[in-house]
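Along the sequence shown, residues carry numbers from 1.
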Amino acid sequence: MDTEADKQIVETEAERVEGETAGSGAGLVNPANIGLLLGCILLGVLVNYLVMWKPLGVSYPILVLVFYAVFWSYLRGRLLTGTGFSWLIGAAVALLSLTYPLFSNELFLVLNFLLLPGLIVAHTTLLARGGQYQWHQVGFLSDILYGVFCRTLLFIGQPFRLVRDSLKFRQAREGVANRVLIGVLVALPLVFVIVGLLASADLVFESWVSRVPGSLVDLNAYELLYRTLIAVFIAVVAFSYCWSFSRERAPAPGVSPTSANPLTWDPVTVATVLVIIDLIYAAFCVLQFTYLFGGELPPGFTYSEYARRGFFELVLVTLINLGILLSCLSFTRAGSAPLSKVVRALYTFLVACTLVMLVSAFYRMALYEDAYGFTQMRILTQGFMVYLAVVLAVTGFRVWREETRLLKLYIVISLVAYLAVNFMNVDTIVARNSIERYRGTGRIDTGYLNRLSYEAVPTLVTLLDAPDQKVAAEISGGLYLKRQQLRREASWPSFNLARYRALRALEGRELHPFNPYLDEQPRFDNR
């Protein structure tokens with residue numbers, strides 16, 4: 001065999017093996033991977049400094065920004081930024097992360113805390129083109145789950161291998177000074193943990209170390225160990241996630257979304273079912289226009305009693321109808337042209353009746369709020385009804401425009417709706433409507449209002465001038481406790497605009513704790 005040919009084959013094989021082993025061994029030691037590791041370590045340190053034992057505030061968008069900076073700097077050569085949906089979901093991540101420094105509604109902050117990691121995974125998967133499915137396909141959910149549970153954990157050994165191989169590499173090629181520097185960097189986290197443990201074990205050692213300026217001995221040794229482990233965990237998980245995009249996933253096996261579905265329903269059967277359902281809904285809608293919207297209830301009924309039930313059932317019926325529509329649109333096979341027009345007309349009538357039901361449910365809830373007051377859940381229920389109405393309208397549009405991609409529209413509508421709910425300031429709406437209701441009826445639930453978040457405080461201060469001294473005293477007591485909480489010192493990473501505005505609204509007010517056992521409450525000079 002020719003010697004030159006042999007040499008070329010050996011070199012080609014060596015390049016192949018090197019490419020296959022680039023994820024482990026010596027192939028890990030390169031500037032990009034080292035930069036990624038340093039960025040992930042910085043992220044872990046920032047989580048310790050900005051978040052540990054502190055409420056989330058400005059710290060959250062800072063951490064999100066740092067993560068995206070690390071992600072972009074490592075994968076900037078392969079990122080895709082031109083799709084419209086990637087911009088939308090990126091805007092959603094930015095806006096939802098800003099809810100932490102802007103608002104204080106605990107419900108949404110908890111929901112956002114659970115939702116944001118999934119949105120970030122979806123966004124980065126789109127940017128790095130690391131998914132097997134398009135974002136508007138159901139299978140994209142598997143790409144998100146793969147990112148959350150696999151990308152973050154499958155490669156957690158890589159940063160440790162990188163450190164090991166980097167030390168071997170540098171020991172072989174670098175001088176003594178660089179080796180000393182590496183030793184110092186590796187020893188630093190061990191020093192913090194060991195000093196903390198020794199200080200906890202010996203009081204004299206603790207008093208001696210505490211004389212060192214900027215000493216961390218005031219931290220419990222176990223807390224130091226816990227913080228170190230958290231920082232390492234964050235760094236390792238972030239490294240595993242970002243590094244995973246440098247490895248291509250295998251193409252997804254399975255049926256193409258455009259493949260014909262073997263399960264089909266007969267259009268005549270579907271039309272029959274729709275006629276029966278539509279007739280029932282038609283009768284129900286007639287009753288709604290006669291009694292609820294017409295203003296005439298049967299004898300023995302009051303609007304408050306009539307409104308106490310019905311809206312949840314109607315929302316459930318709306319969801320059932322939406323399921324019927326989607327199932328029929330997906331599985332009903334095409335019939336003759338006249339039959340197809342009849343089926344579409346039945347679909348449209350079903351959508352129209354369902355919209356009437358939603359209006360009825362919304363109106364019932366409005367009557368219920370007028371009779372029993374406003375709460376966060378009741379406002380959110382009304383918002384959910386509006387969301388369902390938009391979804392139904394889009395589905396009705398799909399009935400006559402078959403090329404409409406419903407799942408794509410549903411995702412966009414849902415994301416925009418969730419963002420709108422986060423920024424509509426629900427607690428302020430509850431407080432404002434409750435005060436208007438109080439001025440008209442004299443009825444108010446001060447206990448519930450005092451449990452609202454800090455967003456409601458600038459609105460609630462108007463009740464300090466309420467003509468009913470008991471109402472003013474109860475609100476004053478609730479605001480007094482809030483002001484006590486707000487005056488506690490908080491570090492800058494926990495800055496929150498809602499808390500800041502609430503404290504500004506309460507400063508200068510004469511507030512007193514409320515004692516429900518006293519018959520007479522003090523009168524206030526509210527400035």
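- When every heavy atom of Ala431 is checked against every heavy atom of Leu460, the shortest pair comes out as CB-CD2, 3.9 Å.
- Between His123 and Tyr68 there is a side-chain heavy-atom pair separated by less than 4.5 Å.
- In this structure a side-chain-to-backbone donor-acceptor pair under 3.5 Å is missing from Arg398 to Leu406.
- Between Ser142 and Tyr133, the closest heavy-atom pair is OG-CE1, 3.5 Å.
- Taking 4.0 Å as the cut-off between side-chain N and carboxylate O, Glu402 and Arg344 count as a salt-bridged pair.
- Side-chain atoms of Arg437 come within 3.5 Å of backbone atoms of Asp370 as a donor-acceptor pair (strictly under, hydrogens ignored).
- Between the side chain of Thr354 and the backbone N or O of Thr318, no donor-acceptor pair lies under 3.5 Å.
- Annotation: side chain of Val66 is not in contact with side chain of Leu63 (no heavy-atom distance under 4.5 Å).
- With Asp143 contributing its side chain and Gln132 its backbone, the two residues share a donor-acceptor pair below 3.5 Å.
- The two residues Ser240 and Leu154 make their nearest non-hydrogen contact at OG-N, 4.0 Å.
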Subject >> Pair Lys408-Trp135, side-chain contact (heavy atoms from CB on, under 4.5 Å): steps then yes or no >> reply: CA-CA 8 Å; Lys408 185 182 293 188; Trp135 64 267; 2.8 Å; yes
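- At most 12 heavy atoms of other shown residues, nucleotides or ligands fall within 6.0 angstrom of atom CE in Met377.
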Original post:
Could you walk me through whether Thr375 and Val430 pass the side-chain contact (heavy atoms from CB on, under 4.5 Å) check?
Top reply: CA-CA 6 Å; Thr375 66; Val430 171; 5.6 Å; no
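- Taking Thr348 as the reference, Trp400 meet the side-chain hydrogen bond (donor to acceptor under 3.5 Å, both in side chains) condition, with sequence neighbours excluded.
- The backbone N or O of Val148 lies less than 3.5 Å from a partner atom in the side chain of Thr152, making a donor-acceptor pair.
- In this structure, the separation between CG on Leu325 and CG on Leu350 is 4.5 Å, given to the nearest 0.5 Å.
- Within the 4.5 Å cutoff, side-chain heavy atoms of Asn112 are placed close to those of Tyr100.
- Here the straight-line distance linking atom OG of Ser414 with atom CG of Leu409 works out to 10.5 Å at 0.5 Å rounding.
- Checking side-chain atoms of Lys482 against main-chain N and O of Asn450 turns up a donor-acceptor pair under 3.5 Å.
- Looking at Leu162 and Trp243, their side chains never come closer than 4.5 Å, going by heavy atoms from C-beta outward.
- Figure legend: cation-pi geometry between Arg151 and Phe245, with NZ or CZ positioned under 6.0 Å from the six-membered ring centre and within 45° of its axis.
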Subject >> Worked verdict on Phe108 versus Val426 for side-chain contact (heavy atoms from CB on, under 4.5 Å) >> reply: CA-CA 10 Å; Phe108 289 114; Val426 176; 3.8 Å; yes
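- The side-chain heavy atoms of Ile230 and Ile234, taken from C-beta on, include a pair separated by under 4.5 Å.
- The distance from the CD atom of Glu436 to the CZ atom of Arg432 is 7.0 Å, given to the nearest 0.5 Å.
- With rounding to the nearest 0.5 angstrom, the CG atom of Leu153 is 9.0 Å from the CZ atom of Phe149.
- Here the side chain of Asp278 pairs no donor or acceptor atom with the backbone of Phe349 at under 3.5 angstrom.
- Using a 4.5 Å heavy-atom cutoff, the side chains of Arg227 and Trp53 are in contact.
- To the nearest 0.5 Å, atom OH of residue Tyr454 and atom CZ of residue Arg501 are 15.0 Å apart.
- Side chain of Ser73 to main chain of Val70: a donor-acceptor pair is present (N/O by atom type, distance under 3.5 Å, no hydrogens or angles).
- Side-chain contact between Leu329 and Thr395 is present, with at least one heavy-atom pair separated by less than 4.5 Å.
- Taking the centre of each ring, Phe103 and Phe423 come in below the 6.0 Å mark.
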**OP:** Test Ser434 against Leu449 for side-chain contact (heavy atoms from CB on, under 4.5 Å), laying out the working first.
**Re:** CA-CA 8 Å; Ser434 297; Leu449 293 179; 3.9 Å; yes
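- Judged purely by atom type and a 3.5 angstrom limit, Glu455 uses its side chain to pair as donor or acceptor with the backbone of Ser104.
- Nearest heavy-atom pair across Leu322 and Val391 is CD2-CG1, 3.8 Å.
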Original post:
Would Tyr146 and Thr125 count as a side-chain hydrogen bond (donor to acceptor under 3.5 Å, both in side chains) if you check the C-alpha gap in whole Å, the side-chain angles of each, and the deciding distance to 0.1 Å?
Top reply: CA-CA 10 Å; Tyr146 179 83; Thr125 300; over 6 Å; no
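- One finds the CG atom of Leu415 at 5.0 Å from the CG atom of Leu88 (value rounded to the nearest 0.5 Å).
- When every heavy atom of Asp427 is checked against every heavy atom of Ala456, the shortest pair comes out as O-CB, 3.9 Å.
- Between Tyr500 and Arg504 the shortest side-chain heavy-atom distance falls below 4.5 Å.
- For the pair Val421 and Leu380, the tightest heavy-atom approach, listed with the atom from each and the gap, is CG1-CD2, 3.7 Å.
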